[in-house]
Amino acid sequence: NAGVTQTPKFRVLKTGQSMTLLCAQDMNHEYMYWYRQDPGMGLRLIHYSVGEGTTAKGEVPDGYNVSRLKKQNFLLGLESAAPSQTSVYFCASGGQGGKNIQYFGAGTRLSVL
Amino acid sequence: GENVEQHPSTLSVQEGDSAVIKCTYSDSASNYFPWYKQELGKRPQLIIDIRSNVGEKKDQRIAVTLNKTAKHFSLHITETQPEDSAVYFCAASPGSFTLTFGKGTMLLVSP
């Protein structure tokens with residue numbers, strides 16, 4: 001039981017490049033989330049999903065897209081990376097048993113030059 | 001939407017002292033209040049949570065109190081130890097299975 005797994009762990013992009021971050025969970029959770037963490041800003045919700053095939057916008061969705069084609073996977077895409085998207089990205093899952101406890105992945109550190 | 005304010009941003013204590021971190025929230029519909037601990041370079045991990053029908057909850061050296069009328073909740077850590085050093089985040093949920101986080105408190109416990 002690995003919990004929540006994020007890939008890659010580190011990535012460096014040039015401005016304008018695209019990439020996809022992958023999140024996988026093996027806890028059969030209905031809900032999945034993508035956050036970004038910046039110094040002094042806490043964890044800010046980018047997008048989330050309440051089930052397979054659904055997505056919804058969070059607090060800071062601009063410049064990101066997501067997809068949840070399978071219940072266990074939640075993808076975060078950056079179509080044209082900008083330096084302002086340099087951050088640590090965390091995926092989380094939860095919602096089991098009607099509880100909104102969230103379990104986090106180890107994070108992806110992204111630098112956009 | 002929900003807004004969560006957290007204070008202080010940094011807190012330094014001596015080993016054995018108590019530490020208190022306070023949060024306020026804006027949405028009266030919020031009914032779930034977790035606290036997460038994040039050690040340097042690690043993922044956030046849930047340490048304790050409280051629901052709106054409870055005023056206080058304890059788990060060994062940590063406790064959380066909730067005042068719904070005033071819309072604030074607090075984390076209390078007693079007999080602090082160096083391994084308590086970390087960033088602590090409070091959060092509030094209006095029942096939509098999303099969380100709004102505070103900006104975090106860096107707790108430093110000196111031996």
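Predicted model only: the values in this text are computed from it and were never measured. Reminder, nothing fancy here: chain letters follow the sequence lines and each chain counts from 1.
- Rounding to the nearest 0.5 Å gives a distance of 8.0 Å between CG of B:N31 and NZ of B:K68.
- Both the backbone and the side chain of A:F104 come within contact range of chain B, with heavy atoms under 4.5 Å apart.
- In this structure, the ring of B:F33 has its center less than 6.0 angstrom from the ring center of B:F73.
- B:P34 does not touch chain A: none of its heavy atoms, backbone or side chain, sits under 4.5 Å away.
- A salt bridge is defined here as a Lys NZ or Arg NE, NH1 or NH2 lying under 4.0 Å from an Asp or Glu carboxylate O, and A:K71 with A:E30 meets this definition.
- Ranked by heavy-atom pairs under 4.5 Å with chain B, the first of A:D38, A:L45, A:I101 is A:I101.
- Taking the six-membered ring where the residue is Trp, the centroids of B:F101 and A:Y35 are separated by under 6.0 Å.
- Among A:R44, A:Q37, A:E59, the residue with the largest count of heavy-atom pairs under 4.5 Å with chain B is A:Q37.
- Side chain to side chain, B:S26 and B:E2 meet the donor-acceptor criterion of an N or O pair below 3.5 Å.
- Contact annotation for B:Q45: neither backbone nor side-chain heavy atoms come within less than 4.5 Å of a heavy atom of chain A.
- The greatest number of non-hydrogen atom pairs below 4.5 Å with chain B, out of A:G107, A:G40, A:G58, is found for A:G40.
- Residue contact with chain B, scored on non-hydrogen atoms closer than 4.5 Å, is absent for A:V88.
- In summary, B:K57 and B:D59 do not engage in a salt bridge, as defined by a charged side-chain N under 4.0 Å from a carboxylate O.
- When heavy atoms are compared at a cutoff of 4.5 Å, A:Q102 approaches chain B by way of both its backbone and its side chain.
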